[in-house]
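Below: the structure, in structure tokens.
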Amino acid sequence: MPDALLVGVDVGTTSCKVTVCTADGREVANGKAPLEWQVTRDGIEVEPATILTAVGLAIAAALAQAPAGPVAAVGVASMGESGVLLDGRGEPVAPVIAWHDDRDRALVERLADDLGADTFAGVTGLPILPQWSLTKHRWLIDHRAETERAVRRLGIAEWVVRALGGEEASELSLASRTGWLQVDSGRWWPSALEWSGVRETLLPPLVQAGTPLGRVTADWAGERLAGAVLTVAGHDHLAAALGAGAAGDGDQLDSCGTAEALVRTVPAPISSDAVLRLVAAGVTVGRHVLPGRLALLGDTRGGLLLQNVQRMLGFGPSELAAIDTEALRHGAGTVSAELTSDGSVVLAGIGRDATPGRAWYAALESAASKVVRMDANMTAVLGPHRRVIMTGGWARSAAVRELRRNAWGEVGVAAVGEAGGRGAALLGGRAAGLVVSFGQVQGSREADQILLDGGADQSQTRRERASHPTHR
């Protein structure tokens with residue numbers, strides 16, 4: 001009889017990815033579908049039904065490549081901050097506002113005046129920014145009369161689980177991105193709810209990622225998912241840390257995508273003073289997808305800098321190794337590269353010795369300095385990381401890895417295809433009782449093993465060692 005399979009759904013900003021794993025964590029198939037946002041007169045939005053369409057297409061693409069076998073569980077992770085408002089019949093009453101939409105900027109200023117920036121940061125683990133759910137929700141109340149019919153608010157992954165047939169729930173790591181959650185107690189913050197016009201009954205009960213939330217009953221998901229156990233697998237960056245094998249205490253995921261994210265796992269609790277210091281340094285503090293753990297999350301736009309310089313220099317993936325070699329051989333020389341606030345690249349110091357390799361090294365060095373500084377900010381408050389695991393598209397660059405080694409002494413590269421989807425699948429497996437200990441699951445490449453519990457032996461993760469001492 002074929003082995004049971006686990007399906008992980010990762011609803012990101014630009015696409016929905018689906019990963020199919022065996023119960024021991026081995027990836028066997030992946031699927032992907034784009035998520036198209038609309039630019040309206042108010043800002044950047046998407047209809048909730050469009051999200052479900054992308055999920056359905058990605059599931060179908062992944063299962064078309066998957067081996068035979070019953071699907072035992074489905075875990076759903078997603079971007080944070082954005083949410084869906086439902087009426088009494090469970091129908092959406094408003095579009096989803098993109099997490100990066102800043103139509104709520106004036107409300108952010110009012111929030112700082114009314115609740116206090118330091119108070120908000122100390123309670124929620126978040127800085128005052130036009131990103132979190134509470135100001136976007138306040139904007140909808142102020143500008144969309146139809147939101148008066150709302151009786152439920154769900155995060156994106158929570159909405160997908162409900163649409164698949166699952167129970168309504170608020171998962172803690174997603175709740176940590178709303179501005180409504182007290183990070184220390186893991187309970188809703190009455191002052192923030194009142195400020196944004198939210199009745200606590202609008203929010204379903206809080207649960208830990210991996211909690212079973214019913215079974216798939218939705219026809220649109222396809223026959224093969226019918227009856228699979230459902231769970232919300234939380235914030236996509238944290239599911240990726242789990243899927244990449246970087247979720248042990250002190251582990252740090254360096255997710256090297258367009259937006260480079262640094263995710264460190266630490267035991268809860270930490271002091272209120274530490275929370276304030278981290279937030280002041282640009283690091284958010286929130287509940288993890290793992291119980292008893294907090295996630296420190298810092299992000300930079302270093303990946304966007306690399307992407308834009310790559311486009312300017314005109315080289316593709318097949319030429320990356322060659323330009324990496326040239327960059328590492330000659331360095332930047334007098335060339336420097338920086339990203340402006342609007343995403344443009346400024347290259348300076350273009351002299352007679354400038355070459356594409358030197359320009360590429362300047363971009364690499366600039367991107368590395370930002371993520372290394374973010375790690376230093378975390379280290380200044382809570383001490384050094386235990387190990388770093390890289391994932392994402394830029395982790396394939398030998399030069400990107402070399403500059404991380406220059407700073408940290410050694411780095412690991414996750415032996416997985418889609419870390420977010422794999423983490424979501426594993427949390428689905430936990431909900432179904434098939435994954436008892438994350439420390440026992442296998443990596444997705446032959447002879448590799450990713451250990452996900454604290455205290456894991458680094459020798460079981462593929463890593464690259466530096467030829468010089470660790471700099472800490």
Side-chain angles (χ1 to χ4, degrees), residues 236-257 259-267 278 281-285 288-290 293-300 302-303 306 324 328 364-416 419-420 422-423 438-439 443-445 448-472:
D236 51 5
H237 286 318
L238 310 189
L242 181 65
D249 289 346
D251 284 354
Q252 194 157 273
L253 175 73
D254 184 0
S255 179
C256 304
E260 185 166 6
L262 208 60
V263 183
R264 189 185 295 193
T265 300
V266 299
L278 287 163
V283 178
T284 65
V285 182
H288 209 293
V289 295
L290 296 178
R293 301 296 184 273
L294 296 174
L296 311 185
L297 174 60
D299 53 34
T300 78
L306 297 182
D324 272 352
L328 291 172
L364 291 164
E365 192 171 45
S366 178
S369 69
K370 292 172 175 58
V371 73
V372 170
R373 188 180 310 121
M374 189 67 68
D375 169 74
N377 290 339
M378 297 182 188
T379 295
V381 179
L382 295 178
H385 59 256
R386 184 173 74 99
R387 61 174 182 170
V388 177
I389 304 295
M390 299 178 68
T391 189
W394 289 116
R396 292 192 290 268
S397 164
V400 168
R401 298 193 303 271
E402 176 68 17
L403 290 181
R404 299 304 182 275
R405 291 199 302 269
N406 289 345
W408 296 326
E410 62 177 277
V411 296
V413 179
V416 299
R422 182 172 184 263
F438 291 125
S444 65
R445 295 182 186 170
D448 279 322
Q449 181 163 352
I450 299 297
L451 297 181
L452 308 181
D453 288 341
D457 181 356
Q458 277 186 276
S459 67
Q460 291 177 291
T461 302
R462 191 187 71 198
R463 62 192 184 274
E464 300 179 43
R465 295 192 175 274
S467 58
H468 45 72
T470 301
H471 300 295
R472 288 191 185 167

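Count residues from 1 along the sequence.
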Distance-minimising heavy-atom pair for [X] and [Y]:
{"X": "A419", "Y": "T391", "answer": "CB-OG1, 4.0 Å"}
{"X": "L290", "Y": "A247", "answer": "CD1-O, 3.5 Å"}
{"X": "V416", "Y": "G243", "answer": "CG1-O, 3.4 Å"}
{"X": "M390", "Y": "C256", "answer": "CE-SG, 3.5 Å"}
{"X": "A241", "Y": "V263", "answer": "CB-CG1, 4.5 Å"}
{"X": "A239", "Y": "V289", "answer": "N-CG1, 4.4 Å"}

When rounded to the nearest 0.5 angstrom, what distance separates [atom1] in [X] from [atom2] in [Y]?
{"X": "R387", "Y": "Q252", "atom1": "CZ", "atom2": "CD", "value": "12.0 Å"}
{"X": "H385", "Y": "L296", "atom1": "NE2", "atom2": "CG", "value": "13.0 Å"}
{"X": "L403", "Y": "L328", "atom1": "CG", "atom2": "CG", "value": "6.5 Å"}
{"X": "D299", "Y": "T284", "atom1": "CG", "atom2": "OG1", "value": "7.5 Å"}
{"X": "R396", "Y": "W394", "atom1": "CZ", "atom2": "CH2", "value": "9.0 Å"}

I want to check something: taking the side chain as every heavy atom from C-beta on, are [X] and [Y] in contact at a cut-off of under 4.5 Å?
{"X": "H288", "Y": "T265", "value": "yes"}
{"X": "D251", "Y": "I389", "value": "no"}
{"X": "M378", "Y": "L262", "value": "yes"}
{"X": "L382", "Y": "L278", "value": "yes"}

Any salt bridge (charged side-chain N to carboxylate O under 4.0 Å, His left out) pairs touching residues 236-246, not counting sequence neighbours?
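As it turns out, there is no salt bridge (charged side-chain N to carboxylate O under 4.0 Å, His left out) pair with a partner in residues 236-246 once direct neighbours are skipped.
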Could you tell me whether a side-chain N or O of S255 sits under 3.5 Å from a main-chain N or O of G392, the two making a donor and an acceptor?
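No, the answer is negative, given that no donor and acceptor are paired below the 3.5 Å cut-off.
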Does the distance from a Lys or Arg side-chain N to an Asp or Glu carboxylate O, for R386 and D249, drop under 4.0 Å?
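So R386 does not pair with D249 through a salt bridge.
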T379: which residues meet the side-chain contact (heavy atoms from CB on, under 4.5 Å) condition with it, sequence neighbours left out?
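Once residues adjacent in sequence are excluded, the partners of T379 under the side-chain contact (heavy atoms from CB on, under 4.5 Å) criterion are R264, D375, P384.
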For V400 and L306, what are the C-alpha separation, side-chain angles and deciding distance, and is it a side chain to side chain contact (heavy atoms under 4.5 Å, CB included)?
CA-CA 10 Å; V400 168; L306 297 182; 4.1 Å; yes
Mind checking salt bridge (charged side-chain N to carboxylate O under 4.0 Å, His left out) for R404 and listing every partner two or more places apart, or none if nothing turns up?
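Only D254, E260 meet the salt bridge (charged side-chain N to carboxylate O under 4.0 Å, His left out) criterion with R404.
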